[in-house]
Amino acid sequence: MTNREIANIFVAVADMLEIQGEIIHRVLSYRRTAETIAEYPREMRALVAEGKLNEIPGVGKVLAEKIQELVDTGRLEFYERLKAEVPEGVVEMLRVNGVGPKKAKMFWETADITTLDSLEAAAKDGKLRDLPGMGVKSEAKILEGIAAYRRRSTDTRTPLGIALPYAETILARLLEIPGALKGTVAGSTRRARPTIGDLDLLVASEDAAPLMEAFIHMPEVARVLGNGESKSSLELANGLQVDLRVLPPARWGTALQYFSGSQAHNIRLRELALKQGLSLNEHAFSRVSDDGEILCATEEEVYATLGLPWIPPELREDWGEVEAAQAGRLPNLITIDDIRSDLHMHTTWSDGKLSIREMAEAARLRGRQFIVITDHSRSAAVANGLSIERLLTQQQEVRAVDAEMRERYGFRVFHGSEIEIKADGTLDYPDDILAQLDFVVASLHVGLRQPREQVTQRALNAISNPHVDLMGHPRGQLIPDREGADLDMEALFAAAAKHDTALEINSNPERLDLEASYARRAVELGVKICIDTDAHSASDMDLLRFGIMTARRGWIEARSVVNTWALDAFLNWVTPRGK
DNA sequence: GCCGTTTTCGGCCCGACTGTTTTCAGTCG
């Protein structure tokens, strides 16, 4: 039973309890814990074994027992009982925009509607409009909601790599409208979650009306979900939901803070505010005593009012950042300017688009000081992997380019390889060949669905090989479609720390692997991190920002990241380990 | 269901928008 499976069950429990009319705080305790568990860096089964479930914030006696039951038996009696009580189709109704727990329950109990199909049929027959609290408009809205739900694929979340550029494009358009003073992308995009539910845009203006007008009339709008004075929501033709909020610049700080979330982080701040006799919302702080307002034009002022230093948005998940801020122990997060090298990239020798020389030049123009060329190894046939003979020939070309770039620019090019960790657990080149390379990245591309023990052992073999410097995209996940391998991450981290093998944060938005919570745990255990682009073209090198954002979400400082090191430090690290 | 330098019981963040409602409940984020 994986963390994500446990989280999914808790979400379903929360949904069913809410439909049953359970008090909302009991429902929310399941929902909050589901969120915590879904991205928890340690596995529940390990915490159960160590008796440490109560270390998870928000988990008390009851939830700990339920997690334990799931880990021990693979099922949860309480969940099975609820499933017998609440029809599956009624729970599914919650996914329809405009249908919440109260309406779902009402459809079920007063009209005996227990499936989405029968809800749709009833709406089409005009049978919903006479139900309590319903009308012609709500009936039509539900039909639209069902249609939109059916259009969406199973997973409605959008990869950050698509969401962010798209949000930036829409925002740039809005900022051209007269009266728009400034704007930003907020929400989970600003926090750099790997996938985004909907886009949140924030614009400062004294006059919201023209912005709202332009926003809801953009050409790509499929449906207007809401359109008020200060807030509008759209569904675009591509299915993406976009929210725009417009506020006056004097309130920018509270608005940006509020709209950036996360919800859990915001709740923490509002609780802190209340302890000081202040109520915090997106408009301002209000003194509870006399309703007097304290406006904040910057986020720094919001946090300062609470006695805190500014907290970078990537940390705002209630993963301990409020406590760290209170203690003056916020990390000094890595920035893109700290990066000096890129240790994982491909050329036309395998499946890349540019030559060694062209990749080197592209990296140099982007401010890198040295790179490693790491084309695919021989068994990666579809990626045109290099035979030993070609690998050694390639080395001559790398040396030639290195000599030239070094002479002209002081830029260095090293020779490496991204070697397959083969399905049988062996590496794709023998040790005496690996020993001739400057740098070795080992990656899992095949056999990702092997049983946990088997795939973990393969990874450990690679990490413990003295010639291997880095494990590339360790889990092999693809966003948003493919779960990573079922690896014992804690064992990987321990081995990586012991053998001084770095683990990668792959910057490609389809990977972002390690993800933030694992990267944070790895560094806690003493593992070095590489943030690489895995570039197959020059433009791929611009994806570095996604890797940096992911590292920042993982609380990572420059000193833990190999690519921030100067050449000497890098060479000192690779040299004594077999090369 | 969780939690406690006020509390082991009684709280638990806050507001925008919509539609159905004659003052507010439901939904959403």
Side-chain angles (χ1 to χ4, degrees), chain A residues 10 13-15 17-19 21-36 53-54 56-67 78 93-107 128-142 144-145 186-189 191 196-202 208 212 216 224-235 241-247 251 254-255 257-275 277-286 288 306 318 322:
Chain A
F10 279 11
V13 166
D15 287 347
L17 287 175
E18 196 173 15
I19 289 168
E22 185 56 77
I23 55 165
I24 191 64
H25 298 106
R26 189 181 176 209
V27 173
L28 289 176
S29 67
Y30 279 94
R31 210 162 269 157
R32 267 197 302 268
T33 298
E35 277 178 25
T36 305
L53 281 177
N54 52 3
I56 306 169
V59 173
K61 187 164 174 295
V62 173
L63 289 177
E65 282 171 3
K66 291 187 162 54
I67 294 169
F78 181 52
M93 289 177 201
L94 299 181
R95 309 276 96 81
V96 175
N97 201 315
V99 180
K102 298 283 165 48
K103 288 221 172 88
K105 181 182 169 77
M106 186 271 290
F107 294 143
L128 294 185
R129 60 186 64 179
D130 297 325
L131 294 171
M134 294 289 295
V136 176
K137 281 190 181 177
S138 340
E139 186 180 73
K141 211 172 170 185
I142 282 172
E144 280 183 25
S188 52
T189 312
R191 301 199 313 279
I196 306 300
D198 50 48
L199 296 179
D200 297 302
L201 305 178
L202 185 60
M212 291 299 173
I216 64 168
V224 178
L225 300 170
N227 178 26
E229 284 179 22
S230 68
K231 176 185 172 185
S232 293
S233 297
L234 307 174
E235 185 188 315
Q241 185 179 324
V242 190
D243 295 349
L244 171 67
R245 194 86 181 240
V246 181
L247 285 113
R251 300 178 188 273
T254 42
Q257 196 291 311
Y258 161 80
F259 222 27
S260 296
S262 66
Q263 194 168 23
H265 176 87
N266 287 358
I267 288 172
R268 290 299 307 278
L269 293 197
R270 289 165 183 201
E271 287 169 351
L272 282 183
L274 283 174
K275 284 183 185 160
L278 297 171
S279 170
L280 171 60
N281 62 37
E282 62 266 50
H283 305 291
F285 286 96
S286 324
V288 174
L306 297 170
D318 195 19
V322 175

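In the text below, chain A, chain B and the rest are named by the order of the sequence lines, each starting its count at 1.
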**Report entry** Nucleotide B:dC13, atom P - distance to CG of A:L280 in whole Å
**Finding:**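 To the nearest whole Å, that distance equals 12 Å.
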**Report entry** Nucleotide B:dG10, atom P - distance to CD of A:E271 in whole Å
**Finding:**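 Between P of B:dG10 and CD of A:E271: 20 Å.
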Under 4.0 Å between any heavy atoms, over every strand shown, what does [X] touch: base, sugar-phosphate, or nothing? Just pick one.
{"X": "A:V27", "result": "nothing"}
{"X": "A:N281", "result": "sugar-phosphate"}
{"X": "A:S233", "result": "nothing"}
{"X": "A:Y30", "result": "sugar-phosphate"}
{"X": "A:L28", "result": "nothing"}
{"X": "A:L274", "result": "sugar-phosphate"}

Distance, [atom1] atom - from [M] to [N], rounded to whole angstrom:
{"N": "B:dT6", "M": "B:dC12", "atom1": "C1'", "value": "16 Å"}
{"N": "B:dG10", "M": "B:dA25", "atom1": "C1'", "value": "25 Å"}
{"N": "B:dC14", "M": "B:dT20", "atom1": "C1'", "value": "23 Å"}
{"N": "B:dT21", "M": "B:dC17", "atom1": "P", "value": "22 Å"}

**Report entry** Ion pair check, A:R95 and A:D15, cut-off under 4.0 Å
**Finding:**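 A:D15 and A:R95: salt-bridged.
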